[in-house]
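We name chains A, B, ... by the order of the sequence lines, and we start the count at 1 in each one.
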Number of protein chains: 2
Amino acid sequence: MKPAPDSPAFQPLYRQIKELITQSLVSGEWGPGDPIPSELELASRFNVSQGTVRKAVSELAEEKLLVRQQGRGTFVASHAQERSQFPFLRLTPDAGQRSELSATLLDLRRMRGDSASLRLLGLSSGSSIYVLRRILRLSDKPVCYEEIRLPSNRFHGLTSQVVEQHECMLYSMYEGRFGLRVLRAEERIKAVAAPDEAAVALGAPKAMPMLLIERVAFTYGGEACELRRSYNDTRQHHYWNQING
Amino acid sequence: MKPAPDSPAFQPLYRQIKELITQSLVSGEWGPGDPIPSELELASRFNVSQGTVRKAVSELAEEKLLVRQQGRGTFVASHAQERSQFPFLRLTPDAGQRSELSATLLDLRRMRGDSASLRLLGLSSGSSIYVLRRILRLSDKPVCYEEIRLPSNRFHGLTSQVVEQHECMLYSMYEGRFGLRVLRAEERIKAVAAPDEAAVALGAPKAMPMLLIERVAFTYGGEACELRRSYNDTRQHHYWNQING
DNA sequence: GAGTGGTCTAGACCACTCA
DNA sequence: GAGTGGTCTAGACCACTCA
């Protein structure tokens with residue numbers, strides 16, 4: 001394989017290799033947690049030097065699709081093996097460490113999607129979605145009331161049992177049972193007067209200021225795979241964020 | 001220069017080079033916007049191969065301390081040249097693009113720092129700080145009331161004139177006038193009932209839910225150089241965030 | 001056309017893992 | 001000790017910038 005600098009959509013070799021590796025990830029040739037072939041194997045398979053494979057793999061490792069381990073090999077990233085286990089959970093106690101996290105499922109329904117949700121999820125009108133509502137507790141304190149919308153075509157046969165088994169490891173569940181790894185999320189955050197539903201669920205005063213977080217989560221290929229709207233009690237907790245210039 | 005694999009604090013060569021380059025940045029040998037020597041020059045200066053310099057420079061470019069431009073050279077990053085000009089301003093209109101941003105300085109005082117601020121800024125007790133309050137407007141709509149605390153030892157001779165000159169480009173001002181580049185910030189976000197001061201300043205109803213953002217900004221070497229507490233009206237705006245798993 | 005960063009190769013040696 | 005990823009070199013050729 002050689003670069004073709006004159007072609008209109010010229011990509012350097014290592015990007016082309018990266019794309020080929022990504023395809024194998026998407027197709028499931030290697031599943032989450034599996035080792036991928038060694039750099040030398042990939043180099044001979046794609047007929048390029050080890051250095052070029054390294055560059056492709058390095059970018060995928062930076063994007064956290066792959067995980068390298070010196071002496072052992074390179075593995076498909078998985079929520080199960082993550083160290084900082086909840087990169088998507090930003091709610092933190094004002095004082096002290098984040099402690100036991102638990103979740104209670106309120107209900108799970110399958111219904112025809114509203115147009116806004118379908119648009120965000122990239123579904124055609126009339127498609128059905130799963131809607132689930134739950135409460136999150138930190139150290140037994142209810143702090144978050146949320147409603148989650150999932151495209152039913154990607155979550156065939158989702159049941160409350162499955163959700164309850166995984167409690168507060170939903171993204172591991174998406175990955176393990178449905179092969180959907182959440183890579184990235186965008187959030188819009190506001191301060192609002194709590195709707196009655198949320199205030200009651202969290203045992204908070206009526207219309208108390210709460211943090212409203214609307215999230216769209218994305219999987220491989222930038223496809224939206226989850227919508228989430230949560231109301232958060234920030235009297236003794238805060239949303240933590242880091243900005244890199 | 002050769003690696004010393006047996007030494008207790010072994011660092012690969014390219015990390016050592018990276019450290020040397022960082023030192024030149026901190027010392028101001030090359031200022032924001034300046035070009036640094038070419039890779040080949042650095043390679044011969046440090047007596048290593050171009051590849052090793054590249055790896056050091058690449059990491060610094062990823063961390064956004066340097067900016068590479070093919071064919072031109074490598075430059076010290078600067079807030080002035082940034083494309084996405086306000087990476088630290090996350091407040092965005094719910095509908096439409098972010099439009100004209102303006103700021104009004106309410107007052108600027110120099111005072112003895114309270115103990116909490118001094119601790120966060122890493123100052124000894126009794127040190128003095130600047131405190132400035134201002135209002136930010138998006139499309140002429142007042143949306144943010146904030147109080148900023150700066151260590152006076154790093155901001156010698158700060159005046160309201162200087163602040164007003166730079167309006168909503170404070171971080172460019174820190175960099176241009178005081179050689180302090182903001183690299184990173186940590187924020188804690190809550191929903192609170194607006195204090196009277198903020199409600200009045202933004203023309204909002206008393207005790208309306210507002211987004212409270214407490215920020216600590218960091219410069220080279222992970223040193224805190226600014227504290228900021230802002231109250232944000234999120235009736236028609238939201239705080240935008242992206243999370244990478 | 002001289003100089004810059006960007007890509008790619010081939011090969012050496014290293015630290016680490018695991019049987 | 002065989003196999004992995006990690007570092008480092010030297011050298012080639014490329015695309016891009018600027019005078």
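Among the nucleotides dT7(C), dC8(D), dG5(D), the one closest to any side-chain atom of Pro12(A) is dT7(C). Between dT9(D), dG5(C), dT9(C), one nucleotide has an atom nearer to the side chain of Glu39(B) than all others, and that is dG5(C).
Rounded to an integer number of Å, the gap from CG of Leu42(A) to C1' of dG3(D) is 14 Å. The CZ-P distance, from Arg54(A) to dT4(D), rounds to 13 Å in whole Å. Counting to the nearest Å, the P atom of dG5(D) and the CD1 atom of Ile21(A) are 11 Å from each other. For the pair Glu41(A) CD and dG3(D) P, the interatomic distance rounds to 11 Å; values are reported in whole Å. Rounded to an integer number of Å, the gap from Asn47(A) CG to dC8(C) P is 14 Å. With rounding to whole Å, Ile36(B) atom CD1 is found 12 Å from dT4(C) atom P. Atom OH of Tyr14(B) and atom C1' of dA15(C) are 13 Å apart (whole Å). Summarising the geometry, the separation between NZ on Lys18(B) and P on dT7(D) is reported as 12 Å, rounded to the nearest angstrom.
Under 4.0 angstrom from either OP1 or OP2 of dC8(D) there lies no side-chain N or O belonging to Lys55(B). Contact annotation: Thr52(A) side-chain N/O to dT9(C) OP1/OP2 distance is under 4.0 Å. Ser38(A) has a side-chain polar atom (N or O) that falls below the 4.0 Å cut-off from OP1 or OP2 of dT4(D).
For the strand DNA chain C, secondary-structure stems (runs of at least three Watson-Crick or G-U pairs, all distances below 3.5 Å) span C:1-18 with D:1-18.
By the side chain to side chain contact (heavy atoms under 4.5 Å, CB included) test, Thr22(A) pairs with Lys18(A), Val26(A), Leu60(A), sequence neighbours left out. With sequence neighbours excluded, the residues that form a side chain to side chain contact (heavy atoms under 4.5 Å, CB included) with Arg137(B) are Ser102(B), Thr104(B), Ile135(B), Pro142(B). By the side chain to side chain contact (heavy atoms under 4.5 Å, CB included) test, Gln242(A) pairs with Trp240(A), Asn244(A), Arg184(B), Glu186(B), sequence neighbours left out. Judged as a side chain to side chain contact (heavy atoms under 4.5 Å, CB included), and not counting sequence neighbours, the contacts of Ser49(B) are Thr52(B).
Residues Glu146(B) and Cys144(B) come closest through the heavy atom pair OE1-SG, 3.9 Å. Heavy-atom minimum distance, Arg181(B) versus Lys64(B): NH2-O, 3.4 Å. Between Ser160(B) and Leu105(B) the shortest heavy-atom distance is CB-CD2, 3.5 Å.
Mapped onto DNA chain C by nearest heavy atom, Gly51(A) and Gln50(B) fall at different nucleotides, with Gln50(B) at the one closer to the 5' end.
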Output a table of nitrogen or oxygen pairs between the protein and nucleotides 16-19 of chain D separated by less than 3.5 Å.
| residue | atom | partner | partner atom | Å |
| --- | --- | --- | --- | --- |
| dC18(D) | OP1 | Arg72(B) | NE | 3.4 |
| dC18(D) | OP1 | Arg72(B) | NH1 | 3.0 |

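Separation of the Tyr130(A) and Phe155(A) ring centroids does not fall under the 6.0 Å cut-off.
Under 3.5 Å, the side chains of Ser230(B) and Asn232(B) contain a donor-acceptor pair of N or O atoms.
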